J.: 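Here's a structure for you.
Throughout, a chain's letter reflects where its sequence line sits, starting with A, and its residues are numbered from 1. Quick caveat, the model's predicted, so the values are computed rather than measured. Below, all heavy atoms of this structure are taken into account, side chains as well, without hydrogens, waters or symmetry copies.
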Protein chains: 2
Amino acid sequence: MVRTKKEKASTRIPRKDQIEIIATDLFKERGFAANSMRDLASAVGIEAASLYSHVQSKEELLHTICFKMAHDFFEAIEKSENKTATYPDKLQELILAHVSIILRNVAAAVVFQNEWRHLSEPYLSHFLELREQYETRLRILIQEGTEAGEFIPTDAKFITHTLLSSLNGIPQWYVPDGELTPENIADLFLNGFKTTKN
Amino acid sequence: MVRTKKEKASTRIPRKDQIEIIATDLFKERGFAANSMRDLASAVGIEAASLYSHVQSKEELLHTICFKMAHDFFEAIEKSENKTATYPDKLQELILAHVSIILRNVAAAVVFQNEWRHLSEPYLSHFLELREQYETRLRILIQEGTEAGEFIPTDAKFITHTLLSSLNGIPQWYVPDGELTPENIADLFLNGFKTTKN
DNA sequence: CCTACCGATCGGTAGG
DNA sequence: CCTACCGATCGGTAGG
C-alpha cells in the first residue's frame, strides 16, 4: 500500500482546514481537555509533531472555533438591530439567523457552547464580553418590543436566558438528516413570542 | 503553625463527603478531564495519594455525582406520574421538582449536564438510558395532557427538548442569593404551557 | 494520611 | 511531514 499519488478528496481542502474540522468534531465529542494532539493527529492521519506545521498550539484550534462562532452570532444581532421592521420581525430574523448558524456547523456550535472555559486570558475575557453583549442586546430587543406593545409582557431577563438555552440546546436533539429546516425550527420558537393579536 | 487540635468546622462532615463536594465544584468549573487528582487533593488540603483512602478512582467521583442527580430526577418524574391530578398540575409539580433539584446543588447539576460523557462503560450506557427515559416520560406527559385538551396543542417533542434545555440552563444565569425561589422560577416556566382557559 | 515512586501520556521542540 | 526527544504531569500503588 504505497501512496504514489495524492488522493483527490484529501487535496480538496487545505490541511489546516481539515485539521480544524476534525478537531472541532473531537472537541465536540469528548471535550477539549480530554483530546490530545496525538488523538487529533491520528484522526487526521499524520504524526502529532506534524500538526505544528499547520497550527501553533492546541489552544489556537479552540480559539479559532470559538471566535468564528462568536463572530457569526455577533453579525446576526447587528443585522437584526439595523433592520427597519417590527420587533417580532426583528426577533424572528435573529432567531432564524441563530438557528441557521448552529445548524450550519453543529459541532462548532457545541464546542462554542461547552469548551470556551478552556480558553486562556486574554481570550477568555474577550469571549465572555462578546457573549454578554449578545445576551444584553437580545434582552433589549425583547424589552423594547414589549414596551412598544408588540410582545406579550414577560420577564425579559428570564425569557432571554430561556430562549438562549433552548436555542443553544438544539444540537442535543437535532437530527441532521431529519425533515426540519432552520426555518421550521425558527417558526417553532416564534410561536408564543408574538402578540396574540397577530 | 502546628495543628494541635482538629478544627470543628472541618470535622463536621466526613472527609469523603467533603472530597465529593469539592470535586463537584472543580468539575463544574473546569470540567472532569481538566482537573487532576492533585488539583482536587490540593483543594481539599491533603496529598493526592491520600484521596485514594476515601475514593477508589477519579471516575468514581464523577459516577457518584451523575447518578445521584439522575436518581433525584427519576424520583421526581415517578412521583408526578403517580399523582392524581390534571396534566397541568402534574407538569407543574414536575417542573417545580426539577428546578428544586437543580437549585439544591447547582454544581452537581452542571456536572450532571456536562460531564457524563466521561463516564466509561457500562455506566455510560446506564446513564444515557436513564436520561432518555426521563425525556420520554416527560414527552408522554405532555402528549397525554394535550390529547386530554389540557394543554395548547404543540409539537410535543420540540416542547420537551426546549423545556429541558431551558431547565438545565438555569445554572447559567441563576444568582444563588437572588430573590428568585424555585417556586418563582417554576411559575415562570408554567406560563405558556397552561391552556388559555385557565 | 504521608513519602516515594510507577509507567503512561501530555503539549510541544529540534532538526531534518 | 517525520523521527527522536524534552520536561511536566497524569492516575494510581506500595508500604508504612
Side-chain angles (χ1 to χ4, degrees), chain A residues 1-7 9-24 26-27 29-65 111 115 117-121 123-124, chain B residues 1-7 10-24 26-27 29-65 115 117-121 123-124:
Chain A
M1 284 286 260
V2 183
R3 284 171 62 200
T4 48
K5 294 183 198 179
K6 292 178 183 178
E7 291 155 43
S10 62
T11 49
R12 263 269 177 68
I13 52 172
R15 251 285 124 96
K16 183 164 187 180
D17 294 349
Q18 190 196 355
I19 290 169
E20 202 183 295
I21 292 167
I22 295 174
T24 305
L26 291 181
F27 292 168
E29 223 63 66
R30 319 209 352 96
F32 176 77
N35 272 288
S36 69
M37 290 301 264
R38 282 160 182 82
D39 292 333
L40 175 56
S42 138
V44 173
I46 58 178
E47 293 300 317
S50 306
L51 289 172
Y52 293 89
S53 304
H54 305 97
V55 149
Q56 280 198 27
S57 68
K58 192 187 177 190
E59 193 184 328
E60 191 207 76
L61 285 163
L62 181 62
H63 178 273
T64 303
I65 299 164
V111 174
E115 306 302 326
R117 58 189 162 174
H118 296 111
L119 290 169
S120 62
E121 297 291 359
Y123 309 113
L124 180 59
Chain B
M1 284 284 263
V2 183
R3 286 172 63 200
T4 50
K5 294 183 196 179
K6 291 178 184 175
E7 291 156 42
S10 61
T11 49
R12 264 268 177 68
I13 51 172
R15 254 278 126 97
K16 183 165 185 177
D17 294 349
Q18 191 196 354
I19 289 169
E20 202 183 296
I21 291 166
I22 295 175
T24 305
L26 291 181
F27 293 168
E29 222 63 65
R30 319 210 351 95
F32 176 77
N35 271 288
S36 69
M37 291 300 264
R38 283 158 180 85
D39 292 334
L40 175 56
S42 137
V44 173
I46 59 178
E47 293 301 315
S50 307
L51 288 171
Y52 292 90
S53 305
H54 305 95
V55 150
Q56 280 199 29
S57 67
K58 191 187 176 190
E59 192 184 329
E60 192 206 73
L61 285 163
L62 180 61
H63 178 273
T64 304
I65 299 164
E115 306 302 326
R117 59 186 163 175
H118 295 111
L119 290 169
S120 63
E121 296 292 358
Y123 310 112
L124 180 58

J.: Would you say that A/L51 contacts A/K58 through its side chain, given a criterion of any heavy-atom pair below 4.5 Å between the two side chains?
T.: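 Sidechains of A/K58 and A/L51: no contact.
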J.: Which one of B/L40, B/I65, B/I22 satisfies the side-chain contact (heavy atoms from CB on, under 4.5 Å) criterion with B/F27?
T.: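 Answer after filtering B/L40, B/I65, B/I22: B/I65.
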J.: With rounding to the nearest 0.5 Å, note down the distance linking CE in B/M37 to OG in B/S50.
T.: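 One gets 11.0 Å once the value is rounded to the nearest 0.5 Å.
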J.: Taking only residues two or more places apart in sequence, or in another chain, which ones meet B/R30 in a salt bridge (Lys or Arg N to Asp or Glu O under 4.0 Å)?
T.: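 So B/R30 forms no salt bridge (Lys or Arg N to Asp or Glu O under 4.0 Å) with any residue.
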J.: Holding to side-chain contact (heavy atoms from CB on, under 4.5 Å), I want the full list of residues that pass it with A/S57, two or more places apart in sequence or in another chain.
T.: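 A/S57: side-chain contact (heavy atoms from CB on, under 4.5 Å) contacts with A/E59, A/E60.
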J.: Represent DNA chain D in dot-bracket notation, 5' to 3'. Only Watson-Crick or G-U wobble pairs with both distances under 3.5 Å count; pseudoknot-style crossings use [ ] and interstrand partners use |.
T.: ||||||||||||||||
J.: In whole angstroms, how far is the C1' atom of C/dC1 from the CZ atom of B/R15?
T.: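 So the CZ-C1' distance, B/R15 to C/dC1, works out to 9 Å.
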J.: Which residues satisfy the side-chain hydrogen bond (donor to acceptor under 3.5 Å, both in side chains) test with B/E29, sequence neighbours excluded?
T.: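 B/E29 satisfies side-chain hydrogen bond (donor to acceptor under 3.5 Å, both in side chains) with no residue once adjacent residues are dropped.
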J.: Can you list everything that forms a ring pair (Phe, Tyr, Trp, His ring centres under 6.0 Å) with B/H63? Sequence neighbours excluded, please.
T.: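 Result, ring pair (Phe, Tyr, Trp, His ring centres under 6.0 Å) vs B/H63: B/F67, B/Y123.
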J.: Enter the distance from B/H54:NE2 to B/Q18:CD here, rounded to the nearest 0.5 Å.
T.: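 With rounding to 0.5 Å, NE2 (B/H54) is 9.0 Å from CD (B/Q18).
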J.: Using a 4.0 Å heavy-atom cut-off, write out nucleotides 3-16 of chain C from 5' to 3' as B (base contacted by protein), S (sugar-phosphate only) or - (no contact).
T.: BB-----BBBB---
